[in-house]
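The figures that follow rest on heavy atoms only: side chains count, while hydrogens, waters and symmetry mates do not. First the proteins, then the strands, lettered A, B, ... as listed; each starts at 1.
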2 protein chains.
Amino acid sequence: MAKTSQAAGLHRASLPKLHDLDAALELMYYGWRGMTLEADEYLAKQGLSRPHHRILYVVARRPDIAIGALIEILGISKQALNRPLNLLLERKLLTSKRAPEQHRSKLLRLTEAGRRIEQKASDHERKVLREAFDRAGVPGATAWMAVMGAIADNN
Amino acid sequence: MAKTSQAAGLHRASLPKLHDLDAALELMYYGWRGMTLEADEYLAKQGLSRPHHRILYVVARRPDIAIGALIEILGISKQALNRPLNLLLERKLLTSKRAPEQHRSKLLRLTEAGRRIEQKASDHERKVLREAFDRAGVPGATAWMAVMGAIADNN
DNA sequence: TTCTTCAAGTCAATATAGTTGACATGAAGC
DNA sequence: GCTTCATGTCAACTATATTGACTTGAAGAA
């Protein structure tokens with residue numbers, strides 16, 4: 001029996017709601033999935049996954065970042081960083097060189113191939129956001145940003 | 001050396017932006033984190049984690065759901081469901097009984113203890129959303145829902 | 001020059017969350 | 001009685017993370 005038509009990922013479940021905010025709660029879940037779905041598929045085709053993308057994303061925006069700083073931003077241990085980072089170096093999507101004056105740390109940079117993959121993966125995510133923002137108009141997009149900011153900064 | 005003050009989770013990185021929508025992209029990432037952070041901490045104290053919570057969440061809204069239907073909604077294999085589900089049964093947060101007329105399937109229900117944990121965990125997530133919505137007002141919340149719906153339904 | 005510090009790299013063991021494949025059980029329907 | 005179907009379970013594997021312990025190699029200071 002073929003699975004009832006689900007091109008990719010899971011359909012939104014539409015469970016009965018027990019609370020006022022259940023719909024919003026589920027939207028956050030499916031929104032996250034919706035944004036990352038195509039990017040993850042693209043990355044999988046390249047033999048990469050989300051952790052690799054996160055590394056590429058950060059290095060693209062902080063060229064010559066040291067490994068310690070990268071660990072801090074990603075919020076993972078250096079052992080957890082080790083495998084994906086080495087894969088990216090082996091595949092020549094990243095380069096590392098010693099700092100000229102601060103020879104203890106290694107500075108990371110994207111190669112052209114790395115930049116291309118980072119851009120394509122991030123483009124998939126931005127495309128989903130752009131289409132949603134286009135439908136909502138500028139005021140809707142602004143409101144979305146404000147609400148997400150408040151959620152993100154929850155302390 | 002103590003980590004530079006980060007009560008829980010990671011601070012928002014504030015990377016330089018390469019694209020218009022990078023800020024939105026990062027907001028989605030940190031928003032997801034912001035919503036789930038306290039719930040995850042609460043669950044960890046109970047010796048549970050997000051997969052357990054997802055099971056409890058669904059069963060709370062679909063009492064007497066069969067295992068096959070639960071698998072479909074969660075989008076995981078029955079082998080992946082097996083461990084967390086059995087833990088919840090052992091801990092008596094869930095009960096399972098055979099259907100009276102359809103004796104092949106097992107029907108799942110929350111116990112009182114299960115309901116309590118599901119509520120508290122989901123309350124942590126809803127609290128974050130409620131505070132953000134309160135700040136944004138009804139129009140902002142409505143706009144947020146519309147944008148998230150468009151992102152979630154990205155096909 | 002040795003000693004210490006520090007960034008980075010590596011090894012081992014463990015946990016969690018998932019996968020596919022194979023097979024058992026037990027009730028339902030024909 | 002044979003088949004179907006929901007469930008359960010075993011094994012092997014992958015990926016992503018953790019903590020702890022240790023090495024390497026350069027920098028800075030005594």
Requested in this report: Let me know the distance between CD1 of B/I71 and C1' of D/dT7, rounded to the nearest Å.
Outcome: 8 Å
Query raised in the report: Could you give the CZ-to-C1' distance, from B/R98 to C/dG26, as a whole number of Å?
Result: 8 Å
**Report entry** salt bridge (charged side-chain N to carboxylate O under 4.0 Å, His left out) partners of A/R61, counting only residues at least two apart
**Finding:** A/E118, B/D22
Report task. Run the salt-bridge test on A/D123 and A/K120 with the 4.0 Å N-O cut-off and return the result as yes or no. Result -> no
Requested in this report: Flag the pair A/I65 / A/I73 as yes when at least one side-chain heavy-atom distance between them is below 4.5 Å, and no otherwise.
Outcome: yes
Requested in this report: May I have the distance from A/L43 (atom CG) to D/dA15 (atom C1'), rounded to whole angstrom?
Outcome: 15 Å
Query raised in the report: Sequence neighbours excluded, which residues qualify as salt bridge (charged side-chain N to carboxylate O under 4.0 Å, His left out) partners of A/R109?
Result: A/D64
**Report entry** With B/R115 via side chain to side chain contact (heavy atoms under 4.5 Å, CB included) - residues at least two apart
**Finding:** B/L110, B/E112, B/Q119
Report summary line: A correct 5'-to-3' footprint of nucleotides 15-22 of chain C, with B, S and - meaning base, sugar-phosphate only and no protein heavy atom under 4.0 Å, is --SSBBBB
Query - Atom NZ of A/K17 with >12 non-hydrogen neighbours under 6.0 angstrom - result: yes
Query raised in the report: Using 30° and 60° as the class limits, which term best fits the ring planes of B/W32 and A/W32: parallel, tilted or perpendicular?
Result: parallel
**Report entry** Atom pair distance, as rounded to whole Å: CD in B/E72 and P in D/dC5
**Finding:** 15 Å
Query - Nucleotide C/dA8, atom C1' - distance to CD1 of A/I67 in whole Å - result: 6 Å
Report summary line: Quick note, ring-ring contact (aromatic ring centres under 6.0 Å, His included) partners involving residues 34-74 of chain A, not counting sequence neighbours, are A/Y42-A/H124
Query raised in the report: For the helix from C/dT1-D/dA30 to C/dC30-D/dG1, what angle lies between the axis at the first five pairs and the axis at the last five pairs, to 10 degrees?
Result: 0°
Query raised in the report: When the distance from CG of B/N82 to C1' of C/dA24 is rounded to whole Å, what number comes out?
Result: 14 Å
Query - Distance (rounded to the nearest 0.5 Å) between B/R62 CZ and B/L107 CG - result: 11.5 Å
Query raised in the report: In whole angstrom, what separates A/L87's CG from C/dT10's C1'?
Result: 17 Å
Query - Separation of D/dT18 C1' from A/L74 CG (nearest whole Å) - result: 16 Å
